[in-house]
2 protein chains.
Amino acid sequence: MTSDCAACPVRRDSFCQTVPARDLKAHSKKRSFVEFKPRQTVMVEGEPATSLFIVTCGIVKLLRSLPDGRTQIVGFRQAGEYFGLGERDTYTTSAEAISGTRLCRFSRPDVAAMRRALPQLKKYMNRESLRQLTAAQDQVLLLGQMTAREKVANFLMVYGYRAPGDTARPQRLAKLPMSRSEIADFLGLTVETVSRMLAALANEEIIAIGQKTHSVHVLNPVALAGAARPGVAIARHAG
Amino acid sequence: MTSDCAACPVRRDSFCQTVPARDLKAHSKKRSFVEFKPRQTVMVEGEPATSLFIVTCGIVKLLRSLPDGRTQIVGFRQAGEYFGLGERDTYTTSAEAISGTRLCRFSRPDVAAMRRALPQLKKYMNRESLRQLTAAQDQVLLLGQMTAREKVANFLMVYGYRAPGDTARPQRLAKLPMSRSEIADFLGLTVETVSRMLAALANEEIIAIGQKTHSVHVLNPVALAGAARPGVAIARHAG
DNA sequence: CGACTGTTTGATTCATATCAACGTGCGTGG
DNA sequence: CCACGCACGTTGATATGAATCAAACAGTCG
């Protein structure tokens with residue numbers, strides 16, 4: 001909590017990497033820590049955008065809702081990634097913690113000042129905006145044109161697929177911190193359909209679903225890539 | 001063609017608005033004009049991104065394709081809007097002229113130099129990136145959660161709905177320069193479904209379709225907004 | 001140990017795609 | 001100037017993928 005930014009585990013993975021070491025002390029003073037339990041709301045679409053958040057640990061979902069309750073997840077944010085910045089002075093998405101989460105909070109004025117003071121930070125954030133735009137376009141392609149099976153296979157390709165340290169083994173472990181219903185809300189499907197598609201892939205021995213249900217073993221990466229057919233994987237941390 | 005930027009009809013509506021009048025002469029030297037007939041390709045996804053384009057007149061569609069030919073339109077660009085800039089050094093979308101189109105072309109290095117020289121331009125483009133991100137998220141919500149009817153109604157709200165000068169009349173004219181199949185590719189539907197939804201709205205006397213088929217009269221704006229249900233209109237020039 | 005939440009599986013329905021035919025406006029060439 | 005051909009749009013019949021409805025089945029937390 002009271003720890004200095006110099007000791008921050010995600011400093012080199014977040015936009016704080018652009019803050020020179022000698023400015024870290026001052027930097028630390030600007031940020032506050034906030035913690036959220038699973039399912040807690042971090043910010044709400046349409047409300048005044050007062051803060052920018054950086055994920056220190058845990059995972060957060062960004063979402064857009066329709067008045068009648070339908071919701072669409074437009075992206076996930078993991079350790080090191082930031083959210084809360086948009087073109088408007090109100091938030092354009094809501095955000096909710098998926099797992100227990102610790103966030104760094106910066107006020108908008110402070111962020112603006114930092115952008116002015118640190119050209120590298122400005123550059124970092126501008127690049128990030130463009131990356132997110134590309135990711136959003138990936139999701140548009142996925143939602144508009146892919147079948148349920150392709151959507152799910154793609155999701156596994158993008159969000160799973162991190163070797164657990166050692167890459168030698170043919171099967172790799174996909175960790176899915178989010179629930180089936182969150183996967184569904186991201187892919188524009190229902191929970192049942194997501195479950196069925198996973199079951200089908202498991203049936204074909206392309207994947208194996210762990211008993212903890214949030215871990216998926218990729219048994220046949222080639223076949224999985226084939227199921228994601230289009231070959232065009234959607235970029236990481238879409239949205 | 002050879003006209004000076006000072007006489008450009010879209011100067012005040014494009015990012016050139018940030019170029020001081022005294023620099024316009026030099027600015028003119030950097031840009032070249034290119035023209036495209038309907039259906040002609042301006043740039044291709046994945047190819048080296050050498051240029052940035054500003055639409056002078058006409059309309060252009062930006063699209064993403066899957067290897068098997070499925071294509072998704074991720075945005076339209078009209079007079080004054082630019083495209084061709086992304087996080088990568090290759091284009092992230094293809095672009096194709098819808099109507100006969102005239103574009104200003106700038107080389108990437110020149111754009112980079114201009115950004116360096118003109119802080120206002122940089123600011124303009126950064127804001128634009130964020131606007132496009134918001135628009136892309138709007139499209140994600142639409143594609144992921146809306147019904148065919150809602151999609152079409154929303155499309156009319158966003159892309160139509162420009163009073164023909166005089167706002168007094170209850171019915172307004174929606175001009176749709178794009179074909180049914182382009183609307184379909186934008187909404188993630190088929191041509192037939194788009195046609196049926198338009199027919200249904202016409203049946204209910206919410207709209208009336210002109211004989212030229214590219215113009216739609218909005219007879220009952222309130223009912224149209226209702227059909228777009230969610231109320232949350234997707235932002236203009238999505239993507 | 002029992003309620004609860006999340007996941008899976010099954011039966012059925014429904015919205016939209018697909019397949020097919022027809023209409024219509026428009027440009028082209030006779 | 002008219003007739004033909006073609007691209008585009010509409011309309012209809014049918015098929016189907018995914019949603020919905022419903023129920024059983026964990027794993028988890030008091």
Side-chain angles (χ1 to χ4, degrees), chain A residues 37-39 61 66 68-72 96 98-100 142-156 174 176-203 207-216 227 229, chain B residues 37-40 61 66 68-72 96 98-100 142-153 155-156 174 176-203 207-216 227 229:
Chain A
K37 300 202 223 347
R39 285 251 137 228
K61 64 182 171 189
L66 260 25
D68 65 359
R70 285 174 280 178
T71 82
Q72 173 69 42
E96 189 179 293
I98 286 182
S99 57
L142 177 139
L143 290 170
Q145 301 298 328
M146 289 193 188
T147 65
R149 182 186 166 91
E150 289 165 345
K151 286 178 178 179
V152 170
N154 248 292
F155 185 81
L156 290 175
L176 305 178
M178 62 292 288
S179 70
R180 295 287 186 268
S181 106
E182 284 158 340
I183 298 174
D185 283 348
F186 181 74
L187 298 177
L189 299 172
T190 60
V191 198
E192 293 97 322
T193 300
V194 170
S195 184
R196 275 184 246 273
M197 294 303 136
L198 287 170
L201 292 170
N203 243 17
I207 63 172
I209 296 165
Q211 44 280 75
K212 61 227 36 250
T213 202
H214 282 271
S215 76
V216 171
R229 242 286 60 72
Chain B
K37 298 200 229 341
R39 286 253 137 224
Q40 276 194 314
K61 62 182 171 189
L66 259 25
D68 66 359
R70 285 174 281 178
T71 83
Q72 173 68 43
E96 190 178 291
I98 286 182
S99 57
L142 176 139
L143 290 170
Q145 301 298 329
M146 290 194 189
T147 65
R149 182 187 166 92
E150 288 165 346
K151 287 177 178 178
V152 170
F155 185 81
L156 290 176
L176 305 178
M178 62 290 289
S179 70
R180 294 291 186 266
S181 107
E182 284 159 340
I183 297 173
D185 283 348
F186 181 75
L187 297 178
L189 299 172
T190 59
V191 199
E192 293 96 325
T193 300
V194 171
S195 185
R196 273 184 247 273
M197 294 302 135
L198 286 171
L201 291 171
N203 243 18
I207 62 171
I209 296 165
Q211 44 280 74
K212 64 235 19 257
T213 202
H214 282 270
S215 76
V216 171
R229 241 288 61 70

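Every chain is numbered from 1 and lettered A, B, ... according to where its sequence line falls, protein lines coming before strand lines.
- If you check distances only, the side chain of B:Arg196 never reaches the base of D:dG9 with a donor-acceptor pair under 3.5 Å.
- Within the nucleic acid shown, A:Ser179 comes within 4.0 Å of sugar-phosphate atoms alone, with no base atom in reach, counting heavy atoms only.
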(request) Apply side chain to side chain contact (heavy atoms under 4.5 Å, CB included) to the pair A:Leu143 and A:Gln72, showing each step before the final yes or no. (result) CA-CA 11 Å; A:Leu143 290 170; A:Gln72 173 69 42; 4.0 Å; yes
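- The side chain of A:Ser181 contributes no N or O atom lying less than 4.0 Å from OP1 or OP2 of C:dT7.
- Atom CG in A:Leu142 sits about 12 Å away from atom P in D:dA18, given to the nearest Å.
- Closest approach to the B:Val191 side chain among D:dT10, C:dT7, C:dT9 is made by D:dT10 (side chain taken as heavy atoms from C-beta onward).
- OP1 or OP2 of D:dA19 has at least one side-chain nitrogen or oxygen of A:Thr190 nearer than 4.0 Å.
- As rounded to whole Å, 6 Å separates atom P of D:dC8 from atom CZ of B:Arg39.
- When rounded to the nearest whole Å, the span between CD of B:Glu192 and P of C:dG23 equals 17 Å.
- The shortest heavy-atom contact between A:Leu198 and A:Ile209 is CB-CD1, 3.8 Å.
- Using a 4.0 Å heavy-atom distance criterion, A:Leu189 is classed as a sugar-phosphate-only contact.
- Side-chain atoms of B:Met178 and B:Phe155, non-hydrogen and from C-beta on, do get closer than 4.5 Å to each other.
- Here the C1' atom of nucleotide C:dT16 and the CG atom of B:Asp185 are 15 Å apart, to the nearest Å.
- Remark: A:Thr193 is not in phosphate contact with D:dA18, judged by side-chain N or O atoms under 4.0 Å from OP1 or OP2.
- Distance B:Lys212 NZ to C:dG25 C1': 11 Å, rounded to the nearest Å.
- Close to D:dG9, at under 4.0 Å from its OP1 or OP2, lies a side-chain N or O of B:His214.
- B:Lys151 approaches B:Met146 most closely through the heavy-atom pair CE-O, 3.5 Å.
- When each of A:Thr213, A:Thr193, A:Asp185, A:Thr190 is tested with A:Arg180 by the rule side chain to side chain contact (heavy atoms under 4.5 Å, CB included), just one qualifies, namely A:Thr213.
- Protein atom CZ of B:Arg149 is 18 Å distant from nucleotide atom P of C:dC14, rounded to whole Å.
- The separation between B:Gln145 atom CD and D:dA18 atom P is 15 Å, rounded to whole Å.
- One atom, CE of B:Met197, and another, C1' of D:dT11, lie 13 Å apart when rounded to the nearest Å.
- Between D:dT10 and B:Thr213, a contact under 4.0 Å exists linking OP1 or OP2 to a side-chain N or O.
- Checking D:dA18, C:dT8, D:dG9 against the side-chain heavy atoms of B:Arg180 singles out D:dG9 as nearest.
- Position along DNA chain D of the nearest nucleotide to A:Gln211 versus A:Ala148 favours A:Ala148 as the more 5'-ward residue.
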